[in-house]
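Shown next, in C-alpha cells, is the structure this report addresses.
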Amino acid sequence: MNYAASQYQYRYWTDMCNQYWNNFRHLSCPQLLQGATACEYMAQWREYHANQFFGGPDAVHQGYINNARYRSNALLAAFRHECGH
C-alpha cells in the first residue's frame, strides 16, 4: 500500500472513531461495536506506522495509540453493558 492510501485509511478511521466517541451516549448497539472497531483500527494503524517508519512509537505516537485503545475499550464495555454481550 502506498503512503497516500495509508494516510487516507488513517484519516478515515480517525474520523470514524471521533464521530462515534463524540456521540457515545446516543449510539445503538451496532454503532457501539462499530465505534470500538474504528478506534482499534486507528490504534493499529498508528502502531504499525510508528514501527515501520520511526523504529517504534515515541511518546506522541504512544499517546495516540493509548487514547484510541482507551476509546475502543470504553465503547466495547458500553456495548457489553447495554447490549448484553
Side-chain angles (χ1 to χ4, degrees):
M1 174 183 305
N2 68 36
Y3 187 76
S6 178
Q7 284 291 94
Y8 174 80
Q9 278 190 327
Y10 177 69
R11 282 193 304 272
Y12 174 80
W13 291 119
T14 300
D15 289 347
M16 294 302 292
C17 177
N18 288 335
Q19 285 179 27
Y20 285 117
W21 184 254
N22 291 335
N23 294 300
F24 192 106
R25 299 207 182 272
H26 307 288
L27 299 178
S28 67
C29 289
Q31 289 171 324
L32 287 167
L33 194 55
Q34 290 165 351
T37 302
C39 293
E40 177 58 28
Y41 284 167
M42 177 185 162
Q44 287 180 17
W45 186 96
R46 180 63 85 154
E47 198 166 48
Y48 172 81
H49 182 78
N51 288 328
Q52 285 293 108
F53 300 105
F54 299 102
D58 61 10
V60 173
H61 284 288
Q62 196 61 55
Y64 281 107
I65 293 164
N66 292 348
N67 185 47
R69 290 243 160 86
Y70 170 82
R71 289 177 175 193
S72 179
N73 289 334
L75 288 161
L76 190 55
F79 172 77
R80 289 182 176 141
H81 177 75
E82 296 295 323
C83 308
H85 293 281

### Task
Without swapping roles, check the side chain of Asn73 against the backbone of Arg69 for a donor-acceptor pair under 3.5 Å.
yes
### Query
Nearest heavy-atom pair of Ala36 and Ser72: which atoms, and what distance?
O-OG, 2.8 Å
### Task
Could you pull out the closest heavy-atom pair between Cys17 and Ala38, with the gap in Å?
N-CB, 3.9 Å
### Query
Taking the six-membered ring for Trp, are the ring centroids of Tyr10 and His49 within less than 6.0 Å of each other?
no
### Aromatic plane relationship, Trp21 with Phe24 - under 30° parallel, 30 to 60° tilted, over 60° perpendicular
perpendicular
### Query
What class does the angle between the rings of Trp13 and Tyr41 fall in, given that below 30° is parallel, 30 to 60° is tilted and above 60° is perpendicular?
perpendicular
### Query
Is it true that atom OH of Tyr70 has more than 12 heavy atoms of other residues, nucleotides or ligands lying nearer than 6.0 Å?
no
### Task
Kindly compute the distance separating CD (Gln62) from CZ (Arg46), expressed to the nearest 0.5 Å.
11.0 Å
### Message
Measuring from atom CD of Glu40 to atom CZ of Arg71, what distance do you get when rounded to the nearest 0.5 angstrom?
### Response
13.5 Å
### Query
Does Tyr48 belong to the same Ile/Leu/Val/Met/Phe/Trp/Tyr cluster as Tyr64, with side-chain heavy atoms less than 4.5 Å apart forming each link?
no
### Message
Could you work out, with side chain to side chain contact (heavy atoms under 4.5 Å, CB included) as the rule, every residue matching Leu27, not counting sequence neighbours?
### Response
Tyr20, Asn23, Gln31, Leu32, Leu75
## Note on the structure
The side chain to side chain contact (heavy atoms under 4.5 Å, CB included) partner of Met42 among Ile65, Thr14, Asp15 is Thr14
### Query
Could you walk me through whether Thr37 and Gln34 pass the side-chain contact (heavy atoms from CB on, under 4.5 Å) check?
CA-CA 5 Å; Thr37 302; Gln34 290 165 351; 5.6 Å; no
